[in-house]
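These numbers come from the heavy atoms of this one structure, side chains and all, not from hydrogens, waters or symmetry mates. When a ligand or atom number is given, it counts from 1 through the structure's own listing order.
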Amino acid sequence: MKHITFIFTVAALICSCGRNIVSDIIPEPSEIHMAGGYFHLPDTLETGCPDSSFLSLDKAFKALVPDTEFRLNVSDKGSLTIMKQDGIAEGGYRMKVSRRGILIEAADYGGAVSATATLGQMVSDGRIPCCTIQDSPRFGWRGFMLDVSRHFFSKEEVMDLLETMASYKFNRFHWHLTDDQGWRIEIRKYPELTDNGAWRDPLAHNHDIICARIAESMEDPSYVLDHSKIVIRDGKEVYGGFYSQEDIREIVAYAGALGIEVVPEIDMPGHSLKVVESYPELSCGGVARWGKDFSVPLCPGNDGLLQFAKDVYSEIFSLFPFGYVHIGADEVEQTHWKTCPKCQARIKSEGLADENGLQAWFVKEMQGFFAANGKKLIGWDEIVSGGAPSEATVMWWRGWRPDTRATAVENGHELIVSSSEFLYLGGEQDRNSLMKVYNWDPVADGLAGLEDKVLGIQAHLWAETVPTFANACNRIFPRLFAVSELAWSDPAQKDAGHFNRRVLLHLRKLEEKGMNYRIPDLSGFCDVNVFADSVRIDVEKPFEDMTVRYTADGTIPRSSSPIYDSPLTISSNTTLHFRPYTSDGMPGDIFRAEYRKTSYMEPCMETDTDALKSGLKADWYEFRGEACDSITHVPFNGSYVTEGVYIPEEVKGNIGLVFTGYINIPEDGIYSFYTYSDDGSYIRINGEMIVDSDGPHSRMERSGQAALKKGLHAFEARYFDHSGGILEAGFIMPDGRRRLFEAGDFLHTEGQSKTSPEI
Ligand code: ACM
Ligand code: ZN
């Protein structure tokens, strides 16, 4: 809190000259002008709200500005006045905070909630800095999806999530309510869906077994199955839960008050094991089991399935007022349809080309039913193949199938961008994952000039190995902040440094609310560090008051390990592990830092040799292997000279790169290097491995140090990837900044190239 106050004080100083300055708000508003002084919030704020359709804002105020009670009256008078106003962009708002009061004008209810979210973020020590704000969203659809099937999240947890979503101006909650691992919504006509399908034996369930193993081996309580979701049924402990229709109504109403529309997903015809376990006649051949890649799907050849689907969706339509309902239709193992007489009969009677056509036929039937009930159907991008009706909205998720995104746009579908590469937040985060999302752009990446075809963007949390709400929050924060900026803010305003500073403030706010998050990196060391006599290890924490524990015996730090509270000095080879903890005792990532005693490497030659030219020589090979050392054993494409270690645009496909030359070291010292690559990379200096990030892997940073004497040292970097990779490399500066290799860092011997393609 102290920190937040300080930042606003600085803002207030700058703003006295009336300049447009960036704020601490996430997502960054379109325009904010600070003025001097503050509005002091009383315990109860008389709030004039002339438009009675805005009265449910009282719930938004309570959730988003909790320290003050807002007494709403249908009147245009109050210390806070909030009015509906024409001429403001959809979802947008204007706000003026003066010493005497606050005026909010909003285009619609959503805009008023967004203004409330801004207000809530600006309160510090019971006051709000005077300012004027004009703000509107980049996209109308700013979604987040929660999978409650693989693990169940309670009504209260969903409501907490909705509040946090509203605070960051998300306005669509996609609720993945059914899947192979659990059916989570009461359907009155088919009670067995939840009687059977909402419960499982955690000791026999693969995901629960994996989580239990991680919980134990990593001593991570966020992986311990949530006991509040374990009940005794028929004398046996079972895990699960579901939402009654009353619960659903309550959650949907609360979401509405927070400006969030709820999109239910009932996934068909694949991902339906829980349907066929209770109603086996709905699958091909009456079987309920796992197939080759996915579960055996529902049988679209069976008229009973259409009736079942219509019955289920009818109940869904009556519970969810929003215009969009999600049918799923992803990852269907169609091979079962090939051998099913009913499916084949349907293909024949409907004149369909094949099983793809059968899937499209099912989606089309359902789309017609949705439309007849006033609903728009959304499907995952699989619905594009086979030709879904253009009225269906496509949620593009398969990052490796950009063609479906292009076809969806060509075929006139509305598109929601949900890239698995950038917007699936289930994978564990690392030091680069936040910037990976922040630096991406959902339109520039493949949809340039087609922004008007994009309804918006949506992030996702699949919960196979997410057994608790704390674990969910650990996966999504802080990345959800970056998604919030992608969804709301003008990309021209991007400023990574400013964003990172705001992220730290907002993580503190989450902590104050008792919500978990991924703790930002500890720094002050590399993966491999070197020293000559002894070294003082000064670990930098993201928050000074954060607890860090460590070990020096190769084991992982546990809650009983010593606390790191002052610099350590070591004088022999040692491997340390550090681990930060939140104030709730939730552990962060484990950082391994190896310390090697070494002597300074001598340079290989004097610096002023005329035979050397600037840059590195890069040899490009056609490489399909999985280890950097194998690169030179394969077909050669050509050589070129480069000032840095990266992939030029022209170098594509199955890439193997070998960079050789000399690194120019300006003075004796210990130098830190890094690579950030997908797939493998390494750096050797004088033949010694300094940064080892070899092997197939997704984007990963690795770092290492070398003790180098002034002069030229033999340098070699290698990299490989099989299409679409990334490579960065450079120095880590004493302040922790990464500095890419650049002109002047390298020299090479001319004339060694085998060929010289124009690169
Ligand atoms: C998906 O991730 N199967 C939509
Ligand atoms: Zn069938």
In terms of relative ring orientation, are Phe242 and Trp199 parallel, tilted or perpendicular, with 30° and 60° separating the classes?
perpendicular
Are a donor atom and an acceptor atom from the side chains of Asp678 and Ser698 found within less than 3.5 Å of each other?
no
Pair His205-Gln181, side-chain donor/acceptor within less than 3.5 Å
no
Please determine, by modelled atom types, if His151 and Tyr239 share a side-chain donor-acceptor pair under 3.5 angstrom.
no
Please determine if Lys155 forms a cation-pi arrangement with Tyr243, meaning its NZ or CZ atom is less than 6.0 Å from the six-membered ring centre and no more than 45° off the ring axis.
no
His326 pairs by side chain to side chain contact (heavy atoms under 4.5 Å, CB included) with which of His176, Lys376, Met145, Glu265?
Glu265
Going by atom types alone, do Ser149 and Asp147 pair a side-chain donor with an acceptor below 3.5 Å?
no
Return the set of protein N, O or S atoms whose distance to the Zn ion (ligand 2) is under 2.8 Å, each given as residue and atom.
Cys284 SG, Cys299 SG, Cys340 SG, Cys343 SG
In terms of side-chain heavy atoms, does Gln429 have a donor or acceptor partner in Arg518 at a distance below 3.5 Å?
no
If the plane angle is over 60° it's perpendicular, under 30° parallel, otherwise tilted; pick one for Trp380 and Trp462.
tilted
Sorted by chain and number, the residues that approach ligand 1 to under 4.0 Å with a heavy atom:
Asp330, Glu331, Trp380, Trp397, Tyr424, Trp462
